[in-house]
Amino acid sequence: MNVSSILFVCLGNICRSPLVEAVARKRLAESGVKVEVASCGTGGWHAGEQADPRMRAAAAGAGYELGNHRARQLCTADFERYDLLLAMDSDNLREMRRIVAPEPGKRAALFLEWVRLEPPHEFPDPYYGELTGFVQSIVLAEQGVRGLIERLRVN
Ligand code: 4NP
């Protein structure tokens, strides 16, 4: 499978997918695997906004800079633009498929499943939870990105 661009997709594009994008960009650059990454949300409520301040703070503490991120909503053109669209949870995967009705050959999958982590494959949404959830998101994003790079290397 030839993957040269990946779009990470969550609900608001202010917590999980911007984090995964930042972790992936940093680790891909270090690993020398040349894949372009971006993120968006199935919902548009936060379009144009920066990442959630709690996510920005937790990410900065772990060495990931989210300051340049601005949220945007998934659009049909994204299915042409990106080789692979990886959803953070199955609600968003379903919504992605509903919005764009991907043609055969267009790839949309669950992020934590595609990277071959053990189940559960749902990436928990930290938005309505405690601050610890944001730190846990970083651990999960790092595990997922390790799996992502391994899979990209063998593909
Ligand atoms: P995200 O988190 O999908 O990881 O960006 C959320 C952000 C905002 C909302 C829900 C989840 N919201 O309902 O506004």
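Since this is a predicted model, take the numbers as computed values, not measurements. Whatever order the structure lists them in is the order used to number ligands and atoms, beginning at 1.
- For ligand 1 and His46, the ligand atoms under 4.0 Å from any heavy atom of the residue are 8 (C), 12 (N), 14 (O).
- Considering both main-chain and side-chain atoms, Trp45 never comes within under 3.5 Å of ligand 1 through any nitrogen or oxygen pair.
- Seen from the ring of Phe111, Arg16 does not count as a face-on cation partner, given the 6.0 Å and 45° thresholds.
- With respect to atom 12 (N) of ligand 1, the closest heavy atom belonging to the protein is Tyr127 CE2, 3.6 Å.
- Screening Leu110, Leu117, Leu140, Asp89 for a side-chain contact (heavy atoms from CB on, under 4.5 Å) with Phe123, the sole residue that qualifies is Leu140.
- Of all the atoms in ligand 1, the ones that sit under 4.0 Å from a non-hydrogen atom of Ile14 are 5 (O), 7 (C), 8 (C).
- The backbone N or O of Pro124 lies less than 3.5 Å from no partner atom in the side chain of Glu122, so there is not a single donor-acceptor pair.
- For ligand 1 and Cys15, the ligand atoms under 4.0 Å from any heavy atom of the residue are 1 (P), 2 (O), 4 (O), 5 (O).
- Considering backbone and side-chain N/O atoms, Cys10 never comes within less than 3.5 Å of an N/O atom of ligand 1.
- Between Pro126 and ligand 1, no N or O atom pair is found at a separation short of 3.5 Å.
- At distances below 3.5 Å, not a single donor-acceptor pair connects side-chain atoms of Glu113 with backbone N or O atoms of His121.
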Derivation of the salt bridge (charged side-chain N to carboxylate O under 4.0 Å, His left out) call for Glu150 and Arg153: CA-CA 5 Å; Glu150 278 171 31; Arg153 279 192 201 281; over 6 Å; no
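- Ion pairing of Asp91 with Arg94 is present here, as a side-chain N (NZ or NE/NH1/NH2) and a carboxylate O approach within less than 4.0 Å.
- Of all the heavy atoms of Asp125, the ones lying under 4.0 Å from any atom of ligand 1 belong exclusively to the side chain.
- Residue contacts with ligand 1 include Tyr128, since one of its heavy atoms falls under 4.0 Å from the ligand.
- Ligand 1 has a nitrogen or oxygen under 3.5 angstrom from a nitrogen or oxygen of Asn13.
- Put simply, the side chain of Ser17 never gets that close to the backbone of Asn13: no donor and acceptor are under 3.5 Å apart.
- With respect to Tyr64, the side-chain hydrogen bond (donor to acceptor under 3.5 Å, both in side chains) criterion is satisfied by exactly one of Glu21, Lys26, Glu142: Glu142.
- Here Met88 has no heavy atoms under 4.0 Å from ligand 1, in either its backbone or its side chain.
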